[in-house]
2 protein chains.
Amino acid sequence: MGPRTVEKHVHKDEAWERVRRYLAQKGLRSTGQRDLIIETFLAASGHINAEELTRAVKRRNRGVGAATVYRTLRLLSDCGVAVARTFGDGEKRYEVEDHDGHHDHLICESCGTIVEFEDDEIEALQDAVAKRYGFRLSRHKHELYGLCRKCIS
Amino acid sequence: MGPRTVEKHVHKDEAWERVRRYLAQKGLRSTGQRDLIIETFLAASGHINAEELTRAVKRRNRGVGAATVYRTLRLLSDCGVAVARTFGDGEKRYEVEDHDGHHDHLICESCGTIVEFEDDEIEALQDAVAKRYGFRLSRHKHELYGLCRKCIS
DNA sequence: GAACGCGCTGAGAACGATTCTCAACAGCCA
DNA sequence: TGGCTGTTGAGAATCGTTCTCAGCGCGTTC
């Protein structure tokens, strides 16, 4: 778990760096609410939705409004720190964008657990499919739904 | 294009058969609006959203209400004739469910074209991934986003 | 083929998630 | 310290979808 933790810290710093650059470039400001929301988002285990994030933020500062959370989430999407994904049932969730190394998801339809995976062979085959149809790929989404180990038994 | 056309007719008949059985089993009725909406949905090229379908239906019968279109779309999902999918930007679209053979999508981010593809090797690798994480899969979603041949030039 | 029961329908209200509006507020530069 | 401009919270507005309800029409019964 050691290296994993270090990695996460690196990602966090990268994320803040991105935010900082974006704000500066656009002439936007850094504020208490903004920082709190971003901090909370980055600390969350990923795959959080707007309502959950709002609740988490309010737990630390009751005064923050939902609108500000939505605004910040959009800001994070715009600067490439967060990505929105809509999973199976139409639930929109945000996760920290992974800039080096793409991952996809295994989703348990019973308990809602979301596991991330990476598979280079699949990625290679995707490129082959794209080539076959004359597409130039920019991104993809690959989600496997089913039951996790715990829910099978 | 010959065989392709025949295939589509077979799928249409299968779809109607499914609807018929479902209505009978649930003690539901067949009505003019219902038939018109289903007919229009099956005739559409797939990947249609509720609003587009409503417009198409109203073109043939102005009186049909949006609520009825939504109700019928739900009915079609319930009986396994249609499946709802949410593509990249959060747009919810419906397509005719393919009962023998699964397909995935290539989506052009510029013109919106959606191409279907099948790849057995990828499917096999998916199963391997699931096994690795102790999941039992029931379904999956695989979408490749980029530019189609036309939009590259 | 008339009558009846119950499912179906359209219109508009209601809903949940998200975005917008606006007046008050707060960074940041001079 | 002002003052310019970006930011904020609250609530209104919007969007897509579902619900409600009174009236309509399918299909069965006699």
Side-chain angles (χ1 to χ4, degrees), chain A residues 19-41 47-79 82-94, chain B residues 16 19-41 47-79 82-95:
Chain A
V19 171
R20 213 187 46 61
R21 267 208 310 276
Y22 185 80
L23 295 180
Q25 178 202 324
K26 293 268 180 183
L28 303 176
R29 292 171 187 162
S30 169
T31 71
Q33 290 93 324
R34 207 105 101 176
D35 291 352
L36 171 59
I37 296 166
I38 297 174
E39 183 54 43
T40 307
F41 172 69
H47 309 114
I48 196 172
N49 66 23
E51 195 221 332
E52 288 163 357
L53 181 56
T54 304
R55 268 210 309 277
V57 167
K58 275 181 189 287
R59 227 172 286 135
R60 300 217 238 164
N61 175 349
R62 178 166 308 277
V64 178
T68 302
V69 173
Y70 278 104
R71 280 188 283 242
T72 305
L73 238 15
R74 176 195 289 253
L75 185 155
L76 289 176
S77 301
D78 289 347
C79 69
V83 260
R85 311 187 135 265
T86 308
F87 290 101
D89 49 346
E91 260 245 280
K92 193 171 176 184
R93 293 182 166 277
Y94 294 82
Chain B
W16 276 112
V19 170
R20 213 188 44 62
R21 266 208 311 276
Y22 185 79
L23 295 180
Q25 177 202 322
K26 293 269 179 181
L28 304 177
R29 290 169 188 166
S30 168
T31 70
Q33 290 92 325
R34 208 105 100 173
D35 291 352
L36 171 59
I37 295 167
I38 298 173
E39 183 55 43
T40 308
F41 172 70
H47 310 113
I48 196 173
N49 65 24
E51 194 221 334
E52 288 163 357
L53 180 56
T54 304
R55 268 211 307 279
V57 167
K58 274 180 189 286
R59 226 173 285 135
R60 301 216 238 164
N61 176 349
R62 178 167 307 277
V64 178
T68 303
V69 173
Y70 279 104
R71 280 189 282 243
T72 306
L73 239 16
R74 175 194 288 252
L75 185 155
L76 289 175
S77 302
D78 289 347
C79 70
V83 259
R85 311 186 136 266
T86 308
F87 289 101
D89 49 347
E91 260 244 280
K92 194 170 175 184
R93 292 181 166 278
Y94 294 82
E95 66 176 32

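Source: prediction; values computed, not measured. Labels below follow one simple rule: chain letters A, B, ... track the order of the sequence lines, proteins then strands, and each chain is numbered from 1. Side-chain atoms are counted along with the backbone in the values below, which use heavy atoms only and exclude waters and symmetry mates.
- A search for salt bridge (Lys or Arg N to Asp or Glu O under 4.0 Å) contacts involving Arg60(A) returns nothing, not counting sequence neighbours.
- When the side-chain hydrogen bond (donor to acceptor under 3.5 Å, both in side chains) test is applied to Glu51(B), the partners found at least two apart in sequence or on another chain are Arg55(B).
- Spacing between atom CD of Gln25(A) and atom C1' of dG6(D) amounts to 16 Å, rounded to whole angstrom units.
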Show every donor-acceptor pair shorter than 3.5 Å between a side-chain atom in residues 69-78 of chain A and any protein atom, with sequence neighbours excluded, or say none if there are none.
from     : atom 1 : to       : atom 2 : distance (Å)
Arg71(A) : NH2    : Thr68(A) : OG1    : 3.3
Thr72(A) : OG1    : Thr68(A) : O      : 2.8
Ser77(A) : OG     : Leu73(A) : O      : 3.1

*Kindly indicate, with the supporting measurements, whether the criterion side chain to side chain contact (heavy atoms under 4.5 Å, CB included) is fulfilled by Val57(A) and Phe41(A).*
CA-CA 9 Å; Val57(A) 167; Phe41(A) 172 69; over 6 Å; no

What nitrogen or oxygen pairs link the protein and nucleotides 2-4 of chain C at under 3.5 Å?
none

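- In this structure, Leu36(A) CG and Lys58(A) NZ are separated by 11.5 Å, a value rounded to the nearest 0.5 Å.
- Applying the side-chain hydrogen bond (donor to acceptor under 3.5 Å, both in side chains) rule to Asn61(A) yields no partners; only residues at least two apart in sequence or on another chain are considered.
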*Check the pair Asn49(B), Leu53(B) against side chain to side chain contact (heavy atoms under 4.5 Å, CB included), reporting the backbone distance first and the verdict last.*
CA-CA 6 Å; Asn49(B) 65 24; Leu53(B) 180 56; over 6 Å; no

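- Here Lys92(A) pairs with Ala84(A), Thr86(A), Tyr94(A) under the side-chain contact (heavy atoms from CB on, under 4.5 Å) rule; sequence neighbours left out.
- The side-chain contact (heavy atoms from CB on, under 4.5 Å) search around Arg21(B) returns Glu17(B), Arg18(B), not counting sequence neighbours.
- If you measure from atom CZ of Arg93(B) to atom C1' of dG16(D), you get 14 Å, rounded to the nearest angstrom.
- Looking at residues two or more places apart in sequence or on another chain, you find a side-chain hydrogen bond (donor to acceptor under 3.5 Å, both in side chains) between Glu52(A) and Arg93(A).
- Regarding Leu28(A), its CG atom lies at a distance of 15 Å from the C1' atom of dC4(D), rounded to whole Å.
- The CG atom of Leu73(B) sits 15 Å away from the P atom of dG16(D) (whole-angstrom rounding).
- One atom, CG of Leu23(A), and another, P of dT5(D), lie 19 Å apart when rounded to the nearest Å.
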Do any side-chain atoms of residues 25-33 of chain A form donor-acceptor pairs under 3.5 angstrom with protein atoms, and if so which ones, sequence neighbours left out?
from     : atom 1 : to       : atom 2 : distance (Å)
Ser30(A) : OG     : Asp35(A) : OD1    : 3.4
Ser30(A) : OG     : Asp35(A) : OD2    : 3.4
Thr31(A) : OG1    : Arg34(A) : N      : 3.2

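- Within residues 56-63 of chain B, the residues that have a heavy atom under 4.0 Å from DNA chain C are, in order of number, Gly63(B).
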_Within the 4.0 Å limit for protein heavy atoms, which parts of nucleotides 17-30 of chain D are touched? Write it as a string from 5' to 3', B for base, S for sugar-phosphate only, - for none._
SBBB----BBS---

